[in-house]
Amino acid sequence: MNQTFNVQGMTCGHCERAVTQAVKTLDPQAEIKIDRATGKVEVDSSQPREAIASAIVEEGYTVAP
């Protein structure tokens, strides 16, 4: 299932890797596309939206509703 998240606080490549790793820890098969300029993170995963958002928040980023 493809889901889009608005993530605030990503400012560099390290941030992108941290968000990617957080999602991959939850679902190693997930496909992730990040547009740092707009804060959009597209995730193709079978995991629930709340679980993915929580994993991103645990990395220190804000997920807008």
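Every heavy atom of this structure was used, including side-chain atoms; hydrogens, water molecules and symmetry mates were not. Keep in mind that this is a model prediction, so the values were computed, not measured.
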A side-chain contact here means heavy atoms from C-beta on lying under 4.5 Å apart; do [X] and [Y] qualify?
X   : Y   : value
V19 : V41 : yes
I34 : I32 : yes
L26 : I52 : yes

Nearest non-hydrogen partners of A64 and Q8, listed with the distance: CB-NE2, 4.3 Å
Minimal non-hydrogen separation, S45 against A30, with atom names: CB-CB, 4.0 Å
Pairs satisfying salt bridge (charged side-chain N to carboxylate O under 4.0 Å, His left out), at least one member in residues 8-28, at least two apart: E16-R36
Qualifying salt bridge (charged side-chain N to carboxylate O under 4.0 Å, His left out) pairs, either residue in residues 38-63, two or more places apart: none
Contacts of A37 that satisfy side-chain contact (heavy atoms from CB on, under 4.5 Å) - sequence neighbours left out: D35
Out of curiosity, [X] [atom1] to [Y] [atom2], how far, rounded to the nearest 0.5 Å?
X   : Y   : atom1 : atom2 : value
Y61 : T11 : OH    : OG1   : 7.0 Å
M10 : I56 : CE    : CD1   : 8.0 Å
Q47 : S54 : CD    : OG    : 11.5 Å

Co-members of the apolar cluster containing M1 [side chain, <4.5 Å]: none
